[in-house]
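The chains referred to below are lettered A, B, ... by the order of the sequence lines, with proteins before strands, and numbering in each begins at 1. The structure presented is a predicted model; accordingly, all values stated were derived computationally and were not measured. The figures here come from the full heavy-atom set of this structure, side chains too, leaving out hydrogens, waters and symmetry mates.
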There are 2 protein chains.
Amino acid sequence: MRADIGLKEVAERAGVSMRTVSNVVRDTGRFSEATRERVLRAVEELGYRPNTAARRLRTGRSGVLLLAVPELSMPYFAELAGHVLREAAAQGCTLLVEATGGHPEAELEIALGRTDPLVDGVILSPLALDDRAAAQVGVPLVLLGERVHELPCPHITIDNTGAAREATAHLLARGRRRVAVIGRQTVPHAATSATRLAGYRQALEAAGLRYEEALAPAVAAYGRADGAAAMRALLELAEPPDAVFCFADAMAEGALAVVRERGLGIPGDVAVVGFDDVEASRYTAPPLTTVAPDKGALARLAVGALVRRIGGAEAKEPSVLLAGHRLVVRESG
Amino acid sequence: MRADIGLKEVAERAGVSMRTVSNVVRDTGRFSEATRERVLRAVEELGYRPNTAARRLRTGRSGVLLLAVPELSMPYFAELAGHVLREAAAQGCTLLVEATGGHPEAELEIALGRTDPLVDGVILSPLALDDRAAAQVGVPLVLLGERVHELPCPHITIDNTGAAREATAHLLARGRRRVAVIGRQTVPHAATSATRLAGYRQALEAAGLRYEEALAPAVAAYGRADGAAAMRALLELAEPPDAVFCFADAMAEGALAVVRERGLGIPGDVAVVGFDDVEASRYTAPPLTTVAPDKGALARLAVGALVRRIGGAEAKEPSVLLAGHRLVVRESG
DNA sequence: TTGAAAGCGCTAACAA
DNA sequence: TTGTTAGCGCTTTCAA
C-alpha cells in the first residue's frame, strides 16, 4: 500500500493550498521562491508521489508510450527496444513493449489504436502492415523501420536502398561477380525487402551486371532458419554465388552456418554480408561484415516525433525522418 | 482523442443505470440475461472502452505489471521477456519492461517499489540485489531467476546447482578431465555464480577430481566479451582445459570464437557447454550444448505468483517455485 | 500570487 | 435485480 499522502496533506504541511502545491510540483503557474521551497520541503518530508491515475483522469495523458515490435526474441528488435526504453525514460515517459508476431492483423489493430487504453502514443515497427490503416489511424502513431506508404504519420527509418546499394557495391568492389541476395519476400507490403532489393539491383546495374532471380531466393521470414534454407538453395545452383548479401544479420548467421557445414571458406569461397549490426555479429565465425543502422538515432527520432505528435503537432513536420547508417567491415566479406 | 463514450452513454442507450453497465462489463454482481445482452449490444454499437485511469483511481488497481531485467539486449533476457509478455497478456495484464543495467542500486530502487506509481506489481530479475531491501519491500514483488536470501517474496528459479552439476557431469562422462568453468564472480551477492559453481564443484568431487581456482577465472559480467577474455586466460595456462562449462550461452559464444581463432577443434580439443539455451545457440559453430531452463514455465510461475500476491495472497505459498530444465546436447560438447 | 470548488469516468456503499 | 450517489486525487476555471 503506497502511503496515502496526497496534495492535501502536502498543502496542509506547507501551509498553502492544493493548487499551489500542484503548481510547484509540475513547475507551472506562478509562485514565489519562498513558497516553492516550503512546498518542496513538505513533499520531501512526507514522501509525496503524485497519483498518476488521478492525473491521467484529469488531463487525459498518461505518459505511457507503447512500442510494438514483431518479436522480442529477435536480437535486432531487442536491441532497438533497449534504445527506445532509454530514450523514453530520458523524456520522462514510461514504455510498454508489445510483440505483434509480425502479423498484419495485429499490426493493424495497433495502428488503429486498439491498444491498451492507457497509452498516449504508439511506436510501431511493422513487418507487414498494409494501408488499410491509412484512413483511420486511431492514436498518435510513429512508424519505425519501415515506410508504409499511405499512413499519415511520421516514418523513422534509414536509407535502406542506399545502404543495400553500398553493401552490394562493397562486395563487387572486392571482385565478387556472382553476388546473391537473401531476403527477397513475395508477400505484399514487405517494404524492407522491396527497398533493399532495389539498392541491390542498382549496385548490380552500376557494375554492368544483370539481376538474376535465381540469385535472390524468396524467404518467408528473417530468422536464422530462413537464411540457412536460402543459403542451401543457393549452394545447389549450377553456378553458385561467390558472395551473399543478407537483409538481416540473423539470416546471415544461418547462412554462415550452412557455408561452414559445407566445408567452404568464408570469405574465400563465399563472402557474406549482413544487415543490422546486432551484437552477436561481432562473434560469428568469422565476424560478420554488416550494415549498421544508427539504432540510438532511430530511437531518439522515434520518441521525439511521437512526443511532439502527442503534444498536438500536426503532420507539419517532414513525414520521413532518416537516421544514419554505415557499413561495418569485418572478416566475412 | 478517444471517443468520449462513457458508462453514462452506454447506460442511456441500453436503458439501464450506469451501475448495471459497470456490472455487466466486469461480469460482477447480478443482472438478468436480457439486461446483459442489451448492455453488451450497446457497448458494441457505441464502441465503449472503459477508462482505465478512472478505474484505477477508484480501485487502486491498474492491471499493469513491471518486468525489470538487466538488459534487453542480452538474448536470454529478451527471450524471457517475450515469454513473460505472452503470459501477462494471457492473464489480462499489461506489461511494462524496464532495464536495470544490472546495477544493485537500480535493482534496489525497484524492489523498494520506487517504480512508476502505475504498476501493481513487479517481476524483478536481479543480478546483484542484496538484502538491504529485505525490510522494506514496497510493492508486490516476485524475484525471477535468482534467489536473494532474505527477501520476503516468492522466488522463481530453476535448480541451478543441479543443472550445473548435470552439465559438468556430462562433460566428465565424455572423458574430459580438465573441466574449466567460466562465470565465477567475485562481487558480493552474485547468486547465479554461487549456485552454479556449487553444482560444478559437486560434480568434480563426485568424480574424484579437485577444484582448481585457476580453472575458474573470474568474470565481471556474463557477456560475450567476458567469455572470450576468460577463455583466452584459460588457454594461456600451462595445462589448459579440455572442456569448459560456461554459465551463460553468451559467454560460451565468446569462448567458442576464441577457441576457433586459436585453430583448436571443438569439441576435439576443447568441449564447450553453455547455459540458457538461447536461440542463437543452435547456430553457433559448432551448435552449442547447453542447459535449457524452461522459460515458459518460469514466466508462467512468475506472473501467476505475482497476480496472486497482488490479489492479497500472503507469503503463505512456498517461497521458492522451481521450473524445470534439461541438458540439450548438441555438437560443441 | 493564491484559494475554493467543480468535475474527469468509474466503482461500491446504500437504497429501493 | 437495479437505481442513486459519494467520492478516488488531481488539474484548472473562477474569484479574490
Heavy atoms from C-beta onward define the side chain here; which of [options] lies closest to that of [X]?
X	options	answer
S32(A)	dT2(C), dT11(D), dC10(C)	dT2(C)
T59(B)	dT11(C), dT11(D), dT2(D)	dT11(C)
Y48(B)	dG9(D), dC10(C), dT2(C)	dC10(C)
R26(A)	dC10(C), dT2(C), dT12(D)	dT12(D)

Write down the distance between [atom1] ([X]) and [atom2] ([N]), rounded to a whole number of angstrom.
X	N	atom1	atom2	result
K8(A)	dG9(D)	NZ	P	8 Å
R55(A)	dT12(D)	CZ	P	10 Å
L7(A)	dT12(D)	CG	C1'	12 Å
M18(B)	dA15(C)	CE	P	19 Å
R38(A)	dT1(C)	CZ	P	14 Å
N51(A)	dG7(D)	CG	C1'	14 Å
E33(B)	dT1(D)	CD	P	12 Å
R30(B)	dA15(C)	CZ	P	19 Å

Inset, instruction - Find the distance between CD (E87(A)) and CD1 (I123(A)) and round it off to the nearest 0.5 Å. - result: 9.0 Å
Inset, instruction - Decide yes or no for D294(A) and I158(A): does some side-chain heavy atom of the first lie under 4.5 Å from some side-chain heavy atom of the second? - result: no
Inset, instruction - Identify, between A54(B) and T35(B), the residue whose nearest nucleotide on DNA chain D lies closer to the 5' end. - result: T35(B)
Inset, instruction - Return no unless some side-chain N or O of S22(B) is found under 4.0 Å from OP1 or OP2 of dT11(C). - result: yes
Inset, instruction - State whether R56(B) places a side-chain N or O below 4.0 Å from either non-bridging phosphate oxygen (OP1 or OP2) of dC8(D). - result: no
Inset, instruction - Say whether R36(B) and S32(B), considering side chains only, have a donor N or O and an acceptor N or O under 3.5 Å apart. - result: no
Inset, instruction - Taking atom CD of E44(B) as the centre, report whether more than 12 heavy atoms of other residues, nucleotides or ligands fall under 6.0 Å from it. - result: no
Inset, instruction - Going by the side-chain contact (heavy atoms from CB on, under 4.5 Å) test, name the single residue among V122(B), L124(B), L65(B), L306(B) that passes it with V142(B). - result: L306(B)
Inset, instruction - Assign T28(B) to base, sugar-phosphate, or nothing according to its heavy-atom contacts below 4.0 angstrom with the strands shown. - result: nothing
Inset, instruction - Ignoring hydrogens and angles, answer whether the base of dT11(D) and the side-chain atoms of R58(A) contain a donor-acceptor pair closer than 3.5 Å. - result: yes
